[in-house]
> 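I'd like to ask some things about the structure below.
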Amino acid sequence: MPQLVQPHPVEPSSALLEGLNPRQREAVLYRGPALLIVAGAGSGKTSVLTRRIASLLETREAWPSQILAITFTNKAAGEMRERVRGIVGHASDGMWISTFHSACVRILRREAEVFGYASGFTIYDSGDSRALLKRLVKQYEADVMGLSVANVAARISKLKNELVDAETFSRQVNPSDPKDALFLTIFREYSRALQSANAFDFDDLIAQTVYLFRAFPHVAEPYRRRFRHILVDEYQDTNHAQYALIRELTKPVAELPGASLTVVGDSDQSIYAFRGADIRNIVEFEQDYRDATVVLLEQNYRSTQTILDAANAVIANNFDRVAKNLFTDTGAGAKIVGFTGYSGHDEAQFVADEIERLHRDGLDYREVAVFYRTNAQTRALEEILIRSAVPYRILGGTKFYERAEIKDAMAYLIAVANPADALAMRRILNSPKRGIGQVTETQLAGYAERNGITFREALRHAGEQGFGPKVAKAITGLSDLLDEATAMTAPPSPDAAPIPVFDVLALLMQKSGYVDALRASRDPQDEARLENIEELLAVTKEFQKNDPDGLLIDFLTETALVAAADELDDSSGTVSLMTLHTAKGLEFRAVFLTGIEEDLLPHRMSANEPGGPSEERRLFYVGITRAKERLYLSLAMTRNSYGETSVSAPSRFLAEIPAELIEWRQSPGMTGPGAGGRVAGSLSWSGGAAGAAPGQAKPKTEWPNRVTGKVRDNGELELAPGDRIRHDDFGEGRVQAITGSAAKRIAEVQFDTAGRKRLLVKVAPIVKL
DNA sequence: GTGAAGGGGCTTTTT
DNA sequence: GCCCCTTCAC
């Protein structure tokens, strides 16, 4: 064991402290049992955290293996690791920098056997949990009692985040309430099913690690000894289970004091109460950890004063907070631009046009982001951005790993890695179609249960269950294929290189007939599905490239834990679209906050929740403070939801921003008949959505979802400068120039009334005249 | 057991 | 508007 505490730490090199203000410097240098860094938005906390870690290493106060740093996303973890490495080089190897979930998986994979799990356990995402719960809800006819899959799932998740398991819950619940009794039954069955499938759901990853540490101190002890410095970022968004995990890890062991704990957070940016985040963790930090020191970082190095003024003014309306005021010395900067569209599409068009203008002025697309409250808002934005030929990327929403064909392919891999996982087995049982239906599946499950074997084992005994020859052969064929793949993943000698995941997946997809079935299909969507399978194969290739020794189980872990923000690719040169939640922790030179309307932000669903409106305000605050130079606030008078158009009202939050900070290109008061009213005062549209505003007569354009990949296709439409065209929305215009080639050909068109636009020739709703 | 057609219900945010 | 589930015909 290396020396644990140096009485007189060596002064860190001056390069490490360079450019830090006194507060930041203190946050880097302070040494003690507990440190809370209250870091306002943009106050350089990432820099402080990295330098704090680097200084611990540089002065030899800590070995890399003694450091555990928790970040909010895998991407943030990767960046922090790189930055520390940039300062101290390979002296940083061996640190644990990861998310709560990744760190817990790492611990659980090592220790699973201690409490009845196997190391190859599956991680169930929310879709898997719901699939499991669906069967239970149906089985117990719980829906007639008003227990839907969604609310059972939410309730179980909440309980697990509070470290309440089914047995603990059974002691709290009133057994004479039939609804609660039924819920308890389902909770129990769900937990049992997870355990027998050798699986953890997302919430288990944290909660079970805590149970493990509490039940088996000898398991916890090596971790308590090992991690002498624990740092947690975004502490305001930790839930009770995560809090408890940190408490467990910082407990003293025998002669050793507890690990030194550093947490960084900002209660104004707490936006995850809905998933159990407890702001008290940060507010009561000083009571929890005696001798804690607090450092406050208020100077902002990100945004202009105008943006900060808006942010400060908005957040000041939350009454239950410690006053904090962000400031900068970089100057006022540009005014915030406001825009009110007639419809969501009109709003989106403003966004697209403005992005193009910024781009012409030299701003790279990757410096621009568009935020929204709900994923549903992407549709209109996407349609317009495609048409306007603005390159964009949606973070989160795409859900590659949630697509049926990807889930199928992953289920094949899971069936190999974790034969106990009946959910994965059932999923692949009849995809591709093998003539194994519901009846056969139920029979197999029954056989497994009667004989006390797994579902996977039952497949091996297909011959003994009275199936027809075709069905029996199909089952045996699948079973043999899985055996073949399993043999690949278990190399003959321990030091032989593992067979790449790519080969395993390729074998499974081919020999199962999965790809052949897609190829043979006449469903046009299957072509896209086939491409997705190929995309997944490419992902496995990439995985092996980055991690040549990576095993199948590592691949499954990595893909199970990708967060939306992990998809951000700084080199892509595209505009980033994401929800306000995903935006936390990021920054962009130009930011568009869209849909700033009542019922959307604050969201209608938040109104009845305690603390709901305040949390929505923090969400708005988080969005505003992502912007470095330019901030746009936009909204629409009408919005489509459920295929119906409804009228919307400006968000109350708009009125909280001092009027002189916003320059309205088109204010809410200017849009309706009888325009001229002020934004802030009355919060309704004067005259509603009536009146034939130009934006509203738009013809409907069909934009099928991305699975089909089938958008409008003009084929090889020939266009040359000088040609006249007609556009569905913009009317007639003249082509000014053509750039790009093939599918990326872009036409610059001067429209007679709609101004100048860039259009993707292949997909724009245009005809040549 | 499979596929097409029609009806009901739903969306806040995420690891 | 779309997804998922049920129903019905083969």
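Chain naming here is simple, since letters A, B, ... match the order of the sequence lines and numbering starts at 1 in each. Any value given below was found using the heavy atoms of this structure, including those in side chains, with hydrogens, waters and symmetry copies removed.
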> Between B:dT14, B:dT11, B:dT15, which nucleotide gets closest to the side-chain atoms of A:His581?
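Of the candidates, B:dT14 comes closest.
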
> Report yes if at least one side-chain N or O of A:Thr582 is closer than 4.0 Å to OP1 or OP2 of B:dT14; otherwise report no.
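Yes, A:Thr582 has a side-chain N/O under 4.0 Å of OP1/OP2 on B:dT14.
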
> With the six-membered base ring of B:dT14 as reference, does the ring of A:Tyr272 sit under 5.5 Å away with planes under 30° apart?
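Aromatic stack with B:dT14 absent for A:Tyr272.
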
> Between A:Thr440 and A:Glu615, which is nearer to the 5' end of DNA chain B once each is assigned its nearest nucleotide?
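Closest to the 5' end, via its nearest nucleotide, is A:Thr440.
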
> Check for me whether A:Lys407 meets the cation-pi criterion with A:Tyr401, that is, NZ or CZ under 6.0 Å from the six-membered ring centre and within 45 degrees of the ring axis.
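Not satisfied by the 6.0 Å and 45° rule.
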
> Is any side-chain nitrogen or oxygen of A:Asn375 closer than 4.0 Å to OP1 or OP2 of B:dT13?
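For B:dT13, OP1 or OP2 has a side-chain N or O of A:Asn375 closer than 4.0 Å.
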
> Mind checking the P distance from C:dC4 to B:dT13? Whole angstroms is fine.
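Going atom to atom, P in each nucleotide, I get 16 Å.
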
> Return the set of residues passing side chain to side chain donor-acceptor pair (under 3.5 Å) with A:Thr645 (not counting sequence neighbours), or none when no residue passes.
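Side chain to side chain donor-acceptor pair (under 3.5 Å) list for A:Thr645, sorted by chain: A:Asn640.
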
> Just jot down the ring-ring contact (aromatic ring centres under 6.0 Å, His included) partners of A:Phe213, sequence neighbours excluded, or say none.
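ring-ring contact (aromatic ring centres under 6.0 Å, His included) check on A:Phe213 returns A:Tyr223.
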
> Within this structure, what is the CD1-to-P distance between A:Ile394 and B:dT14, rounded to whole angstrom?
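Result: 13 Å.
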
> State plainly whether the residues A:Lys160 and A:Asp165 are in salt-bridge range, i.e. N to O under 4.0 Å.
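No salt bridge links A:Lys160 with A:Asp165.
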
> Below the 4.0 Å mark, does B:dT15 have OP1 or OP2 next to a side-chain nitrogen or oxygen of A:Lys160?
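For A:Lys160, the contact criterion (side-chain N or O under 4.0 Å from OP1 or OP2 of B:dT15) is not met.
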
